[in-house]
Visitor: 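Structure provided below as structure tokens; questions to follow.
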Amino acid sequence: MNDHTTDDALMTQAVLDSIPDVIFYKDLDGVYRRGNKAWGELVGRPVATLLGKTDFELFPQDVATSFREQDLAMLRSRQSQRNDEWLDYPDGRRVLVETLKAPVFDRDGTLIGLVGVCRDITQRAG
């Protein structure tokens, strides 16, 4: 990797970490390959320790199953999907998030994974 590529990766991560919304990238097998600091806070662990893991290694079984079913439906449709869901933080906070998941394609148009963004909308719930 040349210095320019390294600089680009560092800049991209810095931008992602500055965004308060949870952002993550998973491959087709549901393995997390990238995430921002807000995602690490949701899971309660440093991002570096989360990469290479699946939902089943990070969340309770029922939550992981729900996430994987949503992922697979979105990947099959190859269309972005939006849903609202309640998430529990390790510190006990329970938040309502609006989650947008979108397919990711490589330069050849091959589906390679998905990106997700979760925004806290708890205040909208009343």
Visitor: Any chance the side chains of Y32 and D55 put a donor and an acceptor closer than 3.5 Å?
Guide: yes
Visitor: I'd like a table of donor-acceptor pairs (distance under 3.5 Å, sequence neighbours excluded) in which one partner is a side-chain atom from residues 41-50, with atom names and distances.
Guide:
| from | atom 1 | to | atom 2 | distance (Å) |
| --- | --- | --- | --- | --- |
| R45 | NH2 | T49 | O | 3.4 |
| T49 | OG1 | P46 | O | 2.7 |

Visitor: Sequence neighbours left out, what passes side-chain hydrogen bond (donor to acceptor under 3.5 Å, both in side chains) with Q79? Give chain and number order.
Guide: none
Visitor: Checking Y25 now: which residues fulfil ring pair (Phe, Tyr, Trp, His ring centres under 6.0 Å) with it, not counting sequence neighbours?
Guide: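 Here no residue qualifies.
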Visitor: Only counting residues at least two apart or in another chain, list the ones meeting side chain to side chain contact (heavy atoms under 4.5 Å, CB included) with V97.
Guide: E85, L87, V95, T99, C118
Visitor: Under the side-chain hydrogen bond (donor to acceptor under 3.5 Å, both in side chains) rule, collect the residues that match up with R94, sequence neighbours excluded.
Guide: D88
Visitor: So how far is it from Q81 CD to L100 CG, rounded to the nearest 0.5 Å?
Guide: 9.5 Å
Visitor: Rounded to the nearest 0.5 Å, what separates atom CH2 in W39 from atom CG in L51?
Guide: 5.0 Å
Visitor: Quick one, L96 with Q123, criterion side chain to side chain contact (heavy atoms under 4.5 Å, CB included). Give me CA distance, side-chain angles, the key distance, then yes/no.
Guide: CA-CA 8 Å; L96 180 63; Q123 291 182 358; over 6 Å; no
Visitor: Under the salt bridge (Lys or Arg N to Asp or Glu O under 4.0 Å) definition, can you give me all pairs with a residue in residues 97-111, not counting sequence neighbours?
Guide: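 Salt bridge (Lys or Arg N to Asp or Glu O under 4.0 Å) check on residues 97-111 returns D71-K101, R82-E98.
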Visitor: Is there a side-chain contact between F56 and Q61 (heavy atoms, below 4.5 Å)?
Guide: yes
Visitor: Please identify each residue that fulfils salt bridge (Lys or Arg N to Asp or Glu O under 4.0 Å) with D120, with sequence neighbours left out.
Guide: none
Visitor: Could you pull out the closest heavy-atom pair between D21 and N36, with the gap in Å?
Guide: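 Closest approach of D21 to N36, heavy atoms only: O-ND2, 2.7 Å.
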Visitor: Would a 4.5 Å heavy-atom cut-off, applied to side chains only, mark L111 and L28 as touching?
Guide: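 When only atoms from C-beta onward are counted, L28 and L111 do touch, with a gap below 4.5 Å.
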Visitor: In terms of hydrophobic clustering (I, L, V, M, F, W, Y; side-chain heavy atoms under 4.5 Å; direct or indirect links), are L58 and F24 co-clustered?
Guide: yes
Visitor: Tell me, please, which residues at least two apart from A14 pass side chain to side chain contact (heavy atoms under 4.5 Å, CB included).
Guide: none
Visitor: Cluster partners of V31, using ILVMFWY side-chain heavy atoms under 4.5 angstrom, listed by chain and number?
Guide: none
Visitor: Checking R68 now: which residues fulfil salt bridge (Lys or Arg N to Asp or Glu O under 4.0 Å) with it, not counting sequence neighbours?
Guide: none
Visitor: How would you list, by chain and number, every residue that makes a side-chain hydrogen bond (donor to acceptor under 3.5 Å, both in side chains) with S66, sequence neighbours excluded?
Guide: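 Partners of S66 under the side-chain hydrogen bond (donor to acceptor under 3.5 Å, both in side chains) test: Q70.
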Visitor: According to side chain to side chain contact (heavy atoms under 4.5 Å, CB included), who are the partners of E57, at least two apart in sequence or on a separate chain?
Guide: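 Counting only residues at least two positions away or on another chain, E57 forms a side chain to side chain contact (heavy atoms under 4.5 Å, CB included) with K53, T54.
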Visitor: Looking only at heavy atoms, which two atoms of S80 and P103 are closest? And how far apart?
Guide: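 Shortest heavy-atom separation between S80 and P103 comes out as N-CD, 3.9 Å.
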Visitor: Would a single hydrophobic cluster contain both F67 and L114, if residues Ile, Leu, Val, Met, Phe, Trp and Tyr are joined by side-chain heavy-atom contacts under 4.5 Å?
Guide: yes
Visitor: Side chains of R78 and F105: closer than 4.5 Å at any heavy-atom pair?
Guide: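 Yes; the side chains approach each other to less than 4.5 Å.
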Visitor: Indicate if I112 and L75 have the same hydrophobic cluster label, given that clusters are the connected sets of ILVMFWY residues with side-chain heavy-atom separations under 4.5 angstrom.
Guide: no
Visitor: What I'd like to find out is whether the side chain of D84 reaches to under 4.5 Å of the side chain of R124, using heavy atoms alone.
Guide: no
